[in-house]
Structures are given as structure tokens and as C-alpha cells.
Asks: 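Quick one: the structure is below, and I'll ask about it shortly.
Just so you know, ligand 1 is whichever comes first in the structure, and atom 1 is the first atom listed for that ligand.
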Amino acid sequence: MTAKILSGKDFAAQIKESARLEVEEIKNKFNITPGLAVIIVGENPASQVYVRNKHKSCEELGIKSEVVTMPENTTKEELLNKIDELNAAKDIHGILVQLPLPDAIKNHSEEILNRINPLKDVDGFHPMNVGKLVTGSPALVPCTPAGCLEMLDLAGIEIEGKRAVIIGRSNIVGKPMLHLLMSRNATVTVCHSRTKNLSEVTREADILVAAIGKPKFVTADMIKPGAVVVDVGINRIAPKKLVGDVDFDAAVEVASAITPVPGGVGLLTVAMLMKNVVKAVKLQYQI
Ligand code: NDP
């Protein structure tokens, strides 16, 4: 069997087009231009690339984008004040603080993120949004797992009643993915570094999500023949070589569908951010 390749580029284009249409509708019907503010503190080169991509996507879709650049030596108080200012800004509907923060304020990341008004929290990290996701209320959901779910839907992959296994239990990917899949009536198991007999568990999965951060960790023998494999991992193994958490070349012979790295889930994250900005506007204005 050779798996169908789930191309992030195609799905991201579909998600962005749907966001663009919603932006247009919000502008025409309600005279509101959705606005996103991205705060970047310091000069982390990878963060600068991510922020540029977010800005570019906003421009393509007609979303107002404000990039707030703050110096490396920004204090926690200065950053909190900036968030307060953006929380109060009428033309900004989504706020995100690009992580990681510089070492001097890194320990305060939680307090800083929690200062964002939950209705503007387009990263979906605020405890209020986490709670809503768990209880099944409308919420802003972290972009990467939300993008994975959207992709499964767009690819026509059935979720209800399926056995799903997630490797990884981070707040950003694994845990929200659990709640998203469970809310769609999958039977979900979450594995982590202390899971015993990991491959026995993963081999039960109809849908296997890998969010570990270890290059090519998931080998072909860990995959049930015909499973759908979603590889969230992004691992740099050489200056210009990225690989996922799944051994793609081997897995592609066992799975029925698989996301590549690069060119897979990574592209969905920014697309879902655009959807989250639209969702934030709708939640704020109850439209
Ligand atoms: P974290 O480091 O926060 O979490 C990794 C998880 O993997 C942990 O729960 C850990 O278990 C588990 N794990 C580690 N080793 C093993 C093992 N040997 N067996 C089973 N489980 C293990 O990572 P993230 O969730 O933030 O990210 C995961 C990957 O996804 C990374 O490669 C990251 O770069 C990528 N990523 C990609 C995004 C995208 O846009 N595509 C966005 C976000 C992340 P434990 O909890 O026990 O330590």
C-alpha cells in the first residue's frame, strides 16, 4: 500500500480561502475589518520568519495586521502594559505573543499570555479557552490541532467511532487534540514518555497523531496498516533539512494517508490562525 499524501499546501489554501470569504462578509455586512496584533520581543530569527508569514497571510486575506516589535530587554511590566493597550484597542480583535520570550522574562510566559483578553486570545492558550474546549463551549482553539482536525474533515476522513492515538501531551498540541477528537466521537488514547508498550498502543490507531519532537520516532511497525498518520513534528536535522516525528519513507508504505514534513501540518497552523481571527471577531460581536 502507498499512502495518499495529505498536502498541507492544498488544505491551507482551502482554509485561507474560506477565511477570506468570511472576512469579506464581515466587512460588507458589519463594516468591521478584522485586526490581528502580533507581539514579538527580541530578535529570534525563527520567530521573525513566523511573524512575517502571519503578517503576509493577513495581508492576503484583508485582515489588518499590526506587528509590535519590542526590544530584547523589554520588562514583564512593559509587555503587560502593551497587552493591556491592545486588549482595549477597538480595531484589534486578535492578539498573540510570539514564543519563545527572551530568557529574562521567559519564566513569566504564563502570566503574560494569561493577560490577553480570552476573547482576543487567537492562540487559544488562555485557561478560559482551555476550559471551554474541555467543556465543549465555543472557544478559540490552538491553531495546530485545530488545523489537523480541519484537514481531516477536508480530506473526508471519518472520525466518529474511530480509534485515535496521540503521541504527546503538550498544552499546545497533544491535549487540545485529545479534546477535539473526543468531541467528534473518536475513542482517544494519549501517549507520552512514560507510556509502556507504546507500539502496541499506536498499532491500534485508525488515526495516529505524532506530536513528540523526535525525528523519525514513529517507525512503520508502530502503524496499523491503513491508518491515517498526522505528523505534527518539525525537527531540524541539518541546516536545511526538516523531518517530522514519523519515518515518512517507511510509513508511506503502511498508512492509507499521511502528512509530509515539510509541507504538511506546519502550513495549516498559519491558515487556522486566520480562521481564529475571524472567529474572535464573531465571538466579540456575537455575530
Ligand atoms: P513538547 O516537547 O511540549 O511535548 C512533547 C511530547 O512528546 C510530551 O508530551 C512528551 O511526553 C512526549 N514524548 C517525548 N518523548 C517521548 C517518547 N519517547 N515516547 C512517547 N512520548 C514522548 O512538544 P510540542 O507538543 O510543543 O511539539 C511537538 C512537535 O510538534 C515538535 O516537533 C514541534 O516542533 C512540533 N510543532 C509543530 C507545530 C506546527 O505548526 N506544525 C506547532 C507546534 C509544535 P512527556 O509529557 O511525558 O514529557
Side-chain angles (χ1 to χ4, degrees), residues 6-12 15-16 38 44-47 49-54 56-57 96-101 106 109-110 113 122-125 130 133 140-152 164-181 188-205 208-219 221-223 229-238 241-248 251 258-276:
L6 301 170
S7 156
K9 198 171 163 202
D10 294 347
F11 295 116
I15 295 168
K16 280 189 183 174
V38 178
N44 181 318
S47 292
V49 174
Y50 293 138
V51 170
R52 263 203 303 279
N53 287 341
K54 289 168 187 174
K56 200 169 136 242
S57 290
L96 73 81
V97 177
Q98 187 67 42
L99 298 177
L101 288 167
K106 210 176 192 154
S109 295
E110 197 177 335
L113 296 181
V122 283
D123 259 339
F125 296 158
V130 176
L133 173 62
L140 291 163
V141 177
C143 300
T144 302
C148 292
L149 193 76
E150 192 88 4
M151 175 195 69
L152 293 173
V165 174
I166 302 162
I167 319 177
R169 57 175 165 181
S170 70
N171 292 335
I172 297 176
V173 188
K175 285 183 199 158
M177 196 75 232
L178 155 69
H179 293 291
L180 287 171
L181 288 168
V188 192
T189 304
V190 179
C191 302
H192 44 78
S193 65
R194 315 287 170 87
T195 299
K196 297 248 184 334
N197 305 323
L198 181 64
S199 36
E200 261 173 43
V201 183
T202 59
R203 269 199 303 271
E204 288 177 8
L208 179 62
V209 180
I212 312 158
K214 297 208 160 138
K216 303 188 185 183
F217 180 88
V218 177
T219 45
D221 60 307
M222 296 170 74
I223 301 168
V229 178
V230 179
D231 189 354
V232 181
I234 301 178
N235 308 290
R236 189 171 295 281
I237 56 166
K241 176 108 176 116
L242 293 180
V243 296
D245 287 345
V246 177
D247 181 358
F248 181 86
I258 184 168
T259 59
V261 179
V265 172
L267 299 172
L268 303 174
T269 302
V270 175
M272 279 316 287
L273 174 64
M274 302 297 112
K275 287 286 262 190
N276 267 359

Asks: Is there a side-chain contact between I223 and I258 (heavy atoms, below 4.5 Å)?
Replies: no

Asks: Indicate yes or no: at least one non-hydrogen side-chain atom of V261 is less than 4.5 angstrom from one of F248.
Replies: no

Asks: For I234, which part has a heavy atom under 4.0 Å from ligand 1: side chain, backbone, both, or neither?
Replies: both

Asks: What atoms in ligand 1 come closer than 4.0 Å to a heavy atom of G233?
Replies: 29 (C), 30 (O), 32 (O), 35 (C)

Asks: Hey, is atom 27 (O) of ligand 1 touched by any protein heavy atom at less than 4.0 Å?
Replies: no

Asks: Between the candidates G147, G8, S170, which shows the shortest non-hydrogen contact distance to atom 25 (O) of ligand 1?
Replies: S170

Asks: Side chain or backbone of N235 under 4.0 Å from ligand 1, or both, or neither, by non-hydrogen atoms?
Replies: side chain

Asks: Which residue and non-hydrogen atom of the protein lie closest to atom 20 (C) of ligand 1, and at what distance in Å?
Replies: H192 O, 3.1 Å

Asks: Counting from 1, what ligand 1 atoms have a heavy atom of K214 closer than 4.0 Å?
Replies: 15 (N), 18 (N)

Asks: Which atoms from ligand 1 have a heavy atom of I167 less than 4.0 Å away?
Replies: 20 (C), 21 (N)

Asks: Does a side-chain heavy-atom distance below 4.5 Å link L181 with I166?
Replies: yes

Asks: How far is atom 42 (C) of ligand 1 from its nearest protein heavy atom, and which residue and atom name does that atom have?
Replies: T144 OG1, 3.3 Å

Asks: Do you know which of V130, I172, N171 makes side-chain contact (heavy atoms from CB on, under 4.5 Å) with F125?
Replies: I172

Asks: Output the distance between atom CG (L101) and atom CG (L99), rounded to the nearest 0.5 Å.
Replies: 5.5 Å

Asks: Do the side chain of N235 and the main chain of V243 share a donor and acceptor less than 3.5 angstrom apart?
Replies: yes

Asks: What is the nearest protein non-hydrogen atom to atom 31 (C) of ligand 1, stated with its residue, atom name and distance?
Replies: G213 CA, 3.6 Å

Asks: Starting from atom 8 (C) of ligand 1, find the nearest protein heavy-atom neighbour and note its residue, name and distance.
Replies: R169 N, 3.9 Å

Asks: Which residue owns the protein heavy atom closest to atom 43 (C) of ligand 1, what's the atom, and how far is it?
Replies: V173 CG2, 3.9 Å

Asks: Please work out, at 4.0 Å between heavy atoms, whether the side chain, the backbone, both, or neither of T195 comes within that distance of ligand 1.
Replies: neither

Asks: Going by heavy-atom distance to atom 16 (C) of ligand 1, choose the closest among L198, L273, D245, I212.
Replies: I212

Asks: Please tell me if the side chains of L268 and E150 come closer than 4.5 Å, counting only heavy atoms from C-beta onward.
Replies: no

Asks: Applying the side-chain contact (heavy atoms from CB on, under 4.5 Å) test to L96, which of V122, L113, V51 qualifies?
Replies: V122

Asks: Report the member of G168, C143, C148, G266 with the shortest heavy-atom distance to atom 41 (N) of ligand 1.
Replies: G266

Asks: Please list, one pair per line, the donor and acceptor atoms closer than 3.5 Å that link side chains of residues 140-147 to other protein atoms, with sequence neighbours excluded.
Replies:
| residue | atom | partner | partner atom | Å |
| --- | --- | --- | --- | --- |
| T144 | OG1 | T269 | OG1 | 3.0 |

Asks: Could you measure the distance from the CZ atom of R203 to the CG atom of N197? Nearest 0.5 Å is fine.
Replies: 9.5 Å

Asks: To which protein heavy atom is atom 48 (O) of ligand 1 closest, and what is the distance rounded to 0.1 Å?
Replies: S193 OG, 3.6 Å

Asks: Could you pull out every donor-acceptor pair under 3.5 Å between side chains of residues 211-218 and any protein atom, sequence neighbours left out?
Replies:
none

Asks: Would you please determine whether C191 falls within less than 4.0 Å of ligand 1 on a heavy-atom basis?
Replies: no

Asks: Which residue supplies the protein heavy atom nearest to atom 37 (C) of ligand 1, what is that atom called, and how far is it?
Replies: V232 O, 3.2 Å

Asks: Starting from atom 19 (N) of ligand 1, which protein heavy atom do you reach first, and at what distance in Å?
Replies: F217 CZ, 3.5 Å

Asks: For the pair N44 (side chain) and S47 (backbone), establish whether a donor and an acceptor sit closer than 3.5 Å, ignoring hydrogens and angles.
Replies: yes

Asks: For ligand 1, is any non-hydrogen atom under 4.0 Å from T269's backbone (N, CA, C, O), its side chain (CB onward), both, or neither?
Replies: side chain

